[in-house]
Amino acid sequence: MRPTRLLGFVLVAVLLGVWEAAARTGLLDARFVPAPSSIAVAWVGFAASGQLVSDLLATLGSWAQGYAIAAMLGVALGVLMGLMPAVRAMLGTTVELLRPMPSVAIIPIAIVLFGLGDPMKRFVVAYAALWPVLVNTLYGVLAVDPLLHDTARTFRLGPLRSTLRVVLPAASPYIATGLRISTSIALILVITAELVASRNGLGYFVRASEQASRVPEVYAGVLTIAVLGYLLNALFVAVEARVLAWHRGLMRTEAA
């Protein structure tokens, strides 16, 4: 573990210690800000009951399915718009109209269309996560060096082979950036959908705990979501480092 990462964990431990001391000495009202030890006890109960696993799987399932739809659709549309000016002109206005709209505004429409089940959450996640992937893919394709296109034509690569062997690898750093941004956006939207209207998931657990005035459980759910977001981002960074290792090596070579 890098020293900077270790210092980050040390700071978290110190903050938790200060929080615990403030709660136990009465500086913080335990009715609204319980001590970390109380939250830990609530989390153990949450986990021991089996609800943690079921809610975590519900959240991750909706997140993964919606994210996968957004990734595939975003890359496909981004490549088409980047390579075909006619498609870019046709879809550009629609994309710029829908992209700035806050994604949470789509939740009522999703409820009307799909009800309160998992399809609603998948739709909301896919809609929100689509735009970063699409836009970054588009700009990645547009940024491909024209010399690479000339090389593909020299080797007489067809459109499909040229896209797979030249365009996508060259645009992959941009695509990876879009995918990474969408990772957190997808989690935010699935939790929001569960908070607003759902019968399962971590967001539902937080909402149900708040309505029942179980404050330690509310904090336990929120901290579980925070750790989940951290782990998902760390996993994506690890996968990205392995998949795009060639690009980082190339950048270091060019810098030297």
Quick check on the hydrophobic clustering: are [X] and [Y] connected, directly or via other members, by side-chain heavy-atom contacts under 4.5 Å?
X    : Y    : result
L83  : L160 : yes
L113 : L73  : yes
F46  : V41  : no
W43  : V218 : yes
V12  : W19  : yes

(message) Please determine whether side chain to side chain contact (heavy atoms under 4.5 Å, CB included) holds for the pair V222 and E210, giving the CA-CA distance in whole Å, both sets of side-chain angles, and the decisive distance to 0.1 Å.
(response) CA-CA 11 Å; V222 170; E210 183 272 331; over 6 Å; no
Do you know which two heavy atoms are closest between [X] and [Y], and how far apart they sit?
X    : Y    : answer
V215 : R31  : CG2-O, 3.3 Å
A170 : V144 : CB-CG2, 3.9 Å
E217 : S209 : CB-OG, 3.5 Å
S198 : R207 : O-NH2, 2.7 Å
V125 : A186 : CG1-CB, 3.5 Å
A71  : L179 : CB-CD2, 3.7 Å

Answer whether the closest heavy-atom distance between the side chains of [X] and [Y] falls below 4.5 Å.
X    : Y    : result
L142 : Y174 : no
L134 : M81  : yes
F205 : L52  : no
V133 : L130 : no
V206 : E194 : no
L189 : V104 : yes
R180 : V237 : yes
T183 : Y67  : yes

Check whether [X] reaches the backbone of [Y] with its side chain - one donor and one acceptor, N or O, closer than 3.5 Å.
X    : Y    : value
Q65  : G61  : yes
T59  : L56  : no
S172 : P169 : yes
Y219 : A40  : no

Could you measure the distance from the [atom1] atom of [X] to the [atom2] atom of [Y]? Nearest 0.5 Å is fine.
X    : Y    : atom1 : atom2 : answer
T94  : R99  : OG1   : CZ    : 13.0 Å
L223 : L228 : CG    : CG    : 12.5 Å
I188 : T192 : CD1   : OG1   : 7.0 Å
L91  : L80  : CG    : CG    : 8.5 Å
N233 : E240 : CG    : CD    : 9.5 Å
I109 : M120 : CD1   : CE    : 13.0 Å

(message) Can you tell me how the ring of Y127 sits relative to the ring of W131, calling it parallel under 30°, perpendicular over 60° and tilted otherwise?
(response)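 Perpendicular: the ring planes of Y127 and W131 meet at over 60°.
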(request) For M101, look at atom CE and say whether over 12 heavy atoms of other residues, nucleotides or ligands are found less than 6.0 Å away. (result) yes
(request) State whether the number of non-hydrogen atoms from other residues, nucleotides or ligands found under 6.0 Å of Y139 atom OH is greater than 12. (result) no
(message) Applying side chain to side chain contact (heavy atoms under 4.5 Å, CB included) to I191 and L202, what does each step give before you reach the verdict?
(response) CA-CA 7 Å; I191 296 299; L202 294 174; 4.1 Å; yes
(request) In sequence, state the C-alpha distance, the side-chain angles, and the governing distance for L7 and L11, and then conclude on side chain to side chain contact (heavy atoms under 4.5 Å, CB included). (result) CA-CA 6 Å; L7 286 174; L11 176 60; over 6 Å; no
